[in-house]
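These numbers were taken from a predicted model, which means no experiment stands behind them. Heavy-atom basis, side chains included; hydrogens, waters and symmetry copies ignored. Read the numbers this way: they start at 1 and go in the same order the structure lists the ligands and their atoms.
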Amino acid sequence: MIPYISIIIHFLLLSIVASSQLLAISAKAIMSPETDTLALLALKDKLTRGIPESLPSWNHSVHFCTWEGVSCSPRHMRVSALNLGNQNLGGTLSPAIGNLTFLKFLNLSSNGLHGEIPKEIGHLKRLQYLNLAINNLEGEIPIELANCSKLEAIVFNYNNLTGTVPFWFGSYMLQLIQLSLSANMFFGTIPSSLGNLSSLEDMALAGNNLEGSIPPTLGGLLNLQGLFLGLNNLSGIIPPSLYNLSSIEQIDLSENRLLGSIPTNIDLAFPNLQYFSVGANLLTGTIPPSLSNISQLKIFDIVGNRFNGPIPTSLGNLKYLKELLIDFNDFGSGGGDRDLEFLSSLTNCSQLQLLTMQKNQFGGMLPDSIGNFSWQLHTLLMGHNHISGSIPEEIGKLVGLRFLDMGGNLFQGTIPVSIGKQKTLGRLYFQSNQLFGNIPDSLGNLTLLFDLDLANNNLQGSIPVTLKHCTNLQNVFLSLNNLSGNIPHQIFGQQEGLVILNLSRNSFTGPLPSDLGNLKHLVELYVHDNKLKYSLIFQILKIP
Ligand SMILES: *[C@@H]1O[C@H](CO)[C@@H](O)[C@H](O)[C@H]1NC(C)=O
Ligand SMILES: *[C@@H]1O[C@H](CO)[C@@H](O)[C@H](O)[C@H]1NC(C)=O
Ligand SMILES: *[C@@H]1O[C@H](CO)[C@@H](O)[C@H](O)[C@H]1NC(C)=O
Ligand SMILES: *[C@@H]1O[C@H](CO)[C@@H](O)[C@H](O)[C@H]1NC(C)=O
Ligand SMILES: *[C@@H]1O[C@H](CO)[C@@H](O)[C@H](O)[C@H]1NC(C)=O
Ligand SMILES: *[C@@H]1O[C@H](CO)[C@@H](O)[C@H](O)[C@H]1NC(C)=O
Ligand SMILES: *[C@@H]1O[C@H](CO)[C@@H](O)[C@H](O)[C@H]1NC(C)=O
Ligand SMILES: *[C@@H]1O[C@H](CO)[C@@H](O)[C@H](O)[C@H]1NC(C)=O
Ligand SMILES: *[C@@H]1O[C@H](CO)[C@@H](O)[C@H](O)[C@H]1NC(C)=O
Ligand SMILES: *[C@@H]1O[C@H](CO)[C@@H](O)[C@H](O)[C@H]1NC(C)=O
Ligand SMILES: *[C@@H]1O[C@H](CO)[C@@H](O)[C@H](O)[C@H]1NC(C)=O
Ligand SMILES: *[C@@H]1O[C@H](CO)[C@@H](O)[C@H](O)[C@H]1NC(C)=O
């Protein structure tokens, strides 16, 4: 996911004329340069692939200044803006664009355009805003664009453009406020000359094939609010100079091979930070407690690095915190009772929606306070740690939860009956713990449940009949327990969407219910190692 932020661009399109005014200045209209008409018609022909129904208002019966998406400068009656975003045009951009020499604003985003960006675009010396995003444009950025030195926004994201990120941006595009080249095929390194673009507020180069290190010169972009370099092949250390970017609100360096750590005074470096994403890199060190001073922080994503140590209990100060993703790291002590203290503090974060902390070294018991998490919490993942004790009954208070993963820990005790209150739960993973007792009847209240994994525990008793109410089940894993009794009729046979059912390695008796044969989507059925009537040692049914 590449976050798209919209920034306010200060266009000086003082000069857009309403069509009603045109009548009053018909004398000028007659004088209006024929070149614009010809250029527009040539553009139309290529943009619309000659399909006459496209852009119907672009016809000779009215003045071109009234054509859809066209605006003119009142003084010269020349085209000053072309605003044709999202028109389903599908053609190419004609070199005739270069004849609209009064153009300041060009927006052709989301049109399925293909072909190259014509070099004639370099004739548009007045151009301030150029948006060709979300098309299929290919080839390199033409060097002639260097002539458009008034450009404030270059928005080329989501195309198939290639070549290197032009170094000459840093010499000629000195008015740039927004540079968006994300989701293309650019390769090579990030030119250090981009550090000259001192007006830049938004730099997005994510989702390309860029390599090498992040140039330290970027630390000079003191107006930068958004920096998006994720999903490339960048390496080396995150340059300390980046922590000079005190205006930064959103930073995404995720999915590279970057080294380094988060500075202890991150609060002073990034006082306006809202979005911080450095997941899937090679970063080390701890989460500095000062993070909790960054009052606007909403999303903190450091998934898949080598961070360690405790999670600061001061994070509860972050009242706008929405997503905390710290999974796949080395946090926690493996046993210490203080490992999970931070969870209690997070109950103060009333906007918290997502907390992922699986695959770390967290130990100790889960505090009852987790029942006090925000009612907005929809995802809570703590699988594959060393968490012990029982699963608190308070968990049932998290009534907005859609995904709960506590698998692969050291939980003991029974499955809390209160789980039945989480009516929105779709995925429930309690597998590979030491849970015992019966599967609670209340599970049948979870009518939206589609993934249920209780495998590899010490659960006993029979499968609750109430499970038949969970009519959305797709994948059910109950294997490796001590479940017994008959496999009741009308439980699984009613689950039309069932794909995988694993009941193996229990103590089930009796015959297999015949209604299992009705399941049209069932791909895998495992019932081996039970005491079933027919000695089914190892059975995998494949129903086409
Ligand atoms: C663009 O301008 C050039 C030079 O003035 C002219 O030769 C050409 O025919 C024009 N093209 C269109 C499509 O208007
Ligand atoms: C030409 O444009 C005008 C104004 O939009 C429209 O009313 C008219 O139907 C168009 N003519 C044709 C032939 O498409
Ligand atoms: C450009 O067009 C796109 C698609 O219609 C639109 O979302 C965007 O806001 C436009 N940009 C400006 C500055 O008007
Ligand atoms: C760029 O500007 C220079 C100097 O004004 C001019 O010689 C050159 O032809 C221009 N190139 C284009 C593509 O407009
Ligand atoms: C992008 O361009 C490459 C060649 O440069 C081509 O192989 C690929 O199919 C194109 N992808 C899309 C989505 O157009
Ligand atoms: C831009 O930056 C480069 C390298 O960072 C530098 O050598 C060059 O002088 C700068 N150019 C301008 C026009 O400021
Ligand atoms: C990333 O860069 C390294 C060299 O620094 C190279 O060996 C590797 O193949 C690159 N990976 C991709 C996916 O381009
Ligand atoms: C930017 O950061 C570097 C390295 O951390 C530091 O030496 C330099 O003084 C900082 N520059 C500014 C303008 O703050
Ligand atoms: C938060 O900021 C205050 C004031 O700058 C400072 O005194 C305090 O030490 C900071 N807290 C942390 C945890 O760094
Ligand atoms: C959480 O809120 C409680 C009560 O408002 C307060 O006593 C406690 O200090 C807060 N904890 C944190 C970490 O913000
Ligand atoms: C949960 O919140 C309630 C109401 O604020 C409070 O009375 C209770 O002590 C809290 N529970 C825990 C375990 O912190
Ligand atoms: C859930 O199921 C149990 C047993 O089937 C039932 O008694 C209870 O009323 C249901 N509702 C809730 C919210 O747990």
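At least one N or O atom of Y129, backbone or side chain, sits closer than 3.5 Å to an N or O atom of ligand 3. Between S110 and ligand 3, not a single N/O pair is under 3.5 Å apart.
How far CD1 of I154 is from CG of L181: 7.5 Å, rounded to the nearest 0.5 Å.
For the residue pair S247 and N223, no side-chain donor N or O sits within less than 3.5 Å of a side-chain acceptor on the partner. Checking S54 against T48 by side-chain atom types alone, no donor-acceptor pair falls below 3.5 Å. A donor and an acceptor atom, one from each side chain of S344 and S369, are located under 3.5 Å apart. Between H114 and E138, the side chains place no donor N or O within less than 3.5 Å of an acceptor N or O (distance only, hydrogens not considered).
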Ignoring hydrogens and angles, write down the donor-acceptor pairs under 3.5 Å from the side chains of residues 91-103, residues two or more places apart or on other chains.
from, atom 1, to, atom 2, distance (Å)
S94, OG, A96, N, 2.9
T101, OG1, R78, NH2, 3.4

Which pairs of N or O atoms, one from ligand 11 and one from the protein, are separated by less than 3.5 Å, and what is the distance for each pair?
from, atom 1, to, atom 2, distance (Å)
ligand 11, 2 (O), N372, OD1, 3.2
ligand 11, 2 (O), N372, ND2, 2.3
ligand 11, 11 (N), N372, ND2, 2.9

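Taking every non-hydrogen atom of G85 and a distance limit under 4.0 Å, the qualifying atoms of ligand 3 come out as 2 (O), 4 (C), 5 (O). Residue N86 approaches ligand 3 through these ligand atoms, each under 4.0 Å from one of its heavy atoms: 5 (O). For ligand 7, the atoms lying closer than 4.0 Å to a non-hydrogen atom of R257 are 1 (C), 2 (O), 3 (C), 4 (C), 5 (O).
Although no hydrogens or angles enter the test, the distance criterion places no donor-acceptor pair under 3.5 Å between the side chain of S292 and the main chain of L315.
Classification of K397 and E394 as a salt-bridged pair fails, no side-chain N sitting under 4.0 Å from a carboxylate O.
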